[in-house]
Number of protein chains: 2
Amino acid sequence: MSAGRTARERVRAELTREITDIARRQLALDGAAGLSLRAVAREMGMVSSAIYRYFPSRDDLLTALIIDGYNALGEAVENADAACPPGDHTGRWLAVCHAVRDWALAHPHEYALLYGSPVPGYKAPVDTVAAAIRDTVVYGRIVSDAHRAGVLNPPDLCPPVPASFGRDAARVRELMPGVPDEVVARAVTAWTGLFGWVGFELFGQFNNAILDPAPAFDHAVRCHAALLGLPV
Amino acid sequence: MSAGRTARERVRAELTREITDIARRQLALDGAAGLSLRAVAREMGMVSSAIYRYFPSRDDLLTALIIDGYNALGEAVENADAACPPGDHTGRWLAVCHAVRDWALAHPHEYALLYGSPVPGYKAPVDTVAAAIRDTVVYGRIVSDAHRAGVLNPPDLCPPVPASFGRDAARVRELMPGVPDEVVARAVTAWTGLFGWVGFELFGQFNNAILDPAPAFDHAVRCHAALLGLPV
DNA sequence: AAGAAACGAGAGCACCGCTCTTGACGATCT
DNA sequence: AGATCGTCAAGAGCGGTGCTCTCGTTTCTT
């Protein structure tokens, strides 16, 4: 890796990057279905078949964009978390949730690529999975930090988690060490609730009901935080 | 409407129905992007241009499928609600949530069409909106029924809803008359949480973390019910 | 019975993803 | 220095797509 040694390697890396840049711009304009290898090639002054030297198929180009997207979202989430005082767990949680929504609103088509319906026939390669959990790691760290600090007091209103959740909880707990099953379950619920909210807003599911989503969203993530046991 | 008067109207209605049936089957196999007017025509033994006598564009055919999908989901939700004792509000809520998940798992591509990323360039016509809220009406009725019965005791753990939510709450309240803003906000949160969960499960966002989603889902919707103030 | 409307078939346009071949260029080895 | 081998852009071409237009035919309406 590093800086390509030979001139050929350098120009290849540069062209690869230019392809993804143009593709990302097309994606932002027309969405995933509007992404066309021929159009990318046209914009680069190349012929369409030349693109296949760099990406063996359209799906591979999409995969590159997906990985980039997960990393961009993950970085936004990491930055939002890092900008908060580490001891302010509730503030970190809220900041991270708002970072997700802000990033989604700024990059709607990329968000749709990551969290919308999977492109039919497209199977996520393993490479994407590693990038996909980059933001999830941050949520988990906030929860486990709060738990370790002893400030996590989940209200006693949910029924006990079923024993059958234990195996799944153990897997999720790798992201939030030491956290009991009850809290793991609520963290998953808060996590899905966050993305459910953002998806509904972005994909127009609120129709004409919620015209001012920002305050409603803020209230929702505060509810999630309270359910989680964070002080609100 | 009713039975077409003339023979031509009857055969037209029949062919229209056959087109949507074949299209729905294609949709179930390959997803929305794999839906091809030419393939539908081929399967009907027609020539592709003939389809345009019935649907002026591919998007119009998709719109018909979307409306059918919303109605199918709405009907499943209505049936699940109707099968419960009207006074068992918590049971109705849980039944409705499970009905959404069950329908989504049984019709993944149709669900993706309704709640996944909107097809780029596709603007939902007004016809779809009416069908889209068919299930939402049921959620609203359960909440307002519970409120009217006096069994709704929302726990005091969320911060107060911001005043700016008032106008949106008024709009949502048309689906759940008499319900105070605090509960309206939580209902929206539970609603988005429900679909966020189902979407994550269906679109593979749980990766290798949650392998046994059913009990976790049940716990999540019970948490939502508790947050709403339903007795759990 | 005559005119109007609806219909299916066919050809054709501009796209798309993808494959294969060709000829030129550049790095590497003898 | 010259031959070799891998890489590259280009072009033609295949089968597919949504969509449009025209042309006879059929069916309904008046």
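In what follows, every heavy atom counts, from backbone to side chain, and hydrogens, waters and symmetry copies are set aside. Naming convention: chains lettered A, B, ... in sequence-line order (proteins, then strands); numbering from 1 in each chain.
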So does [X] get a side-chain nitrogen or oxygen closer than 4.0 Å to the phosphate oxygens (OP1/OP2) of [N]?
X     : N      : result
B:R8  : C:dA5  : no
B:R42 : D:dT17 : yes
A:S48 : C:dC18 : no

In a table with atom names and distances, give each donor-acceptor pair under 3.5 Å that connects a side chain of residues 44-52 of chain A to protein atoms at least two apart or in another chain.
none

Could you give the [atom1]-to-[atom2] distance, from [X] to [N], as a whole number of Å?
X     : N      : atom1 : atom2 : value
A:L61 : C:dG17 : CG    : C1'   : 12 Å
B:Q26 : D:dG16 : CD    : C1'   : 13 Å
B:M44 : C:dC7  : CE    : P     : 12 Å
B:D60 : D:dG18 : CG    : P     : 13 Å
A:L35 : C:dC16 : CG    : C1'   : 12 Å
B:R10 : C:dC7  : CZ    : P     : 14 Å

Under 3.5 Å, sequence neighbours excluded: what are the donor-acceptor pairs made by side chains of residues 203-218 of chain B?
unit_1, atom_1, unit_2, atom_2, d
B:Q205, NE2, A:Y70, OH, 2.9
B:D218, OD1, B:H98, NE2, 3.3
B:D218, OD2, B:R222, NE, 2.7

field: Between CD1 on residue A:I66 and OG1 on residue A:T128, distance to nearest 0.5 Å
entry: 6.5 Å
SG-NE2 distance between A:C97 and A:H224, expressed to the nearest 0.5 angstrom: 8.0 Å
- prompt: Using 30° and 60° as the class limits, which term best fits the ring planes of A:Y115 and A:F195: parallel, tilted or perpendicular?
  reply: tilted
Per [X] side chain, nearest of listed nucleotides [options]:
X     : options                : result
B:M46 : C:dA9, D:dA10, D:dT29  : C:dA9
B:R58 : D:dC19, C:dC18, D:dC8  : D:dC19
A:R38 : C:dC16, D:dA10, D:dC19 : C:dC16
A:L37 : C:dG12, C:dG17, C:dC7  : C:dG17

- request: Specify the residues of residues 49-56 of chain B, ordered by number, for which at least one heavy atom lies under 4.0 angstrom from an atom of DNA chain D.
  value: B:S49, B:Y52
- request: Say whether, by atom type as modelled, one donor and one acceptor occur between the side chain of A:E110 and the main chain of A:A28 under 3.5 angstrom.
  value: no
- prompt: Would you say the side-chain atoms of A:D60 pair up with the backbone N or O of A:P56, donor to acceptor, closer than 3.5 Å?
  reply: no
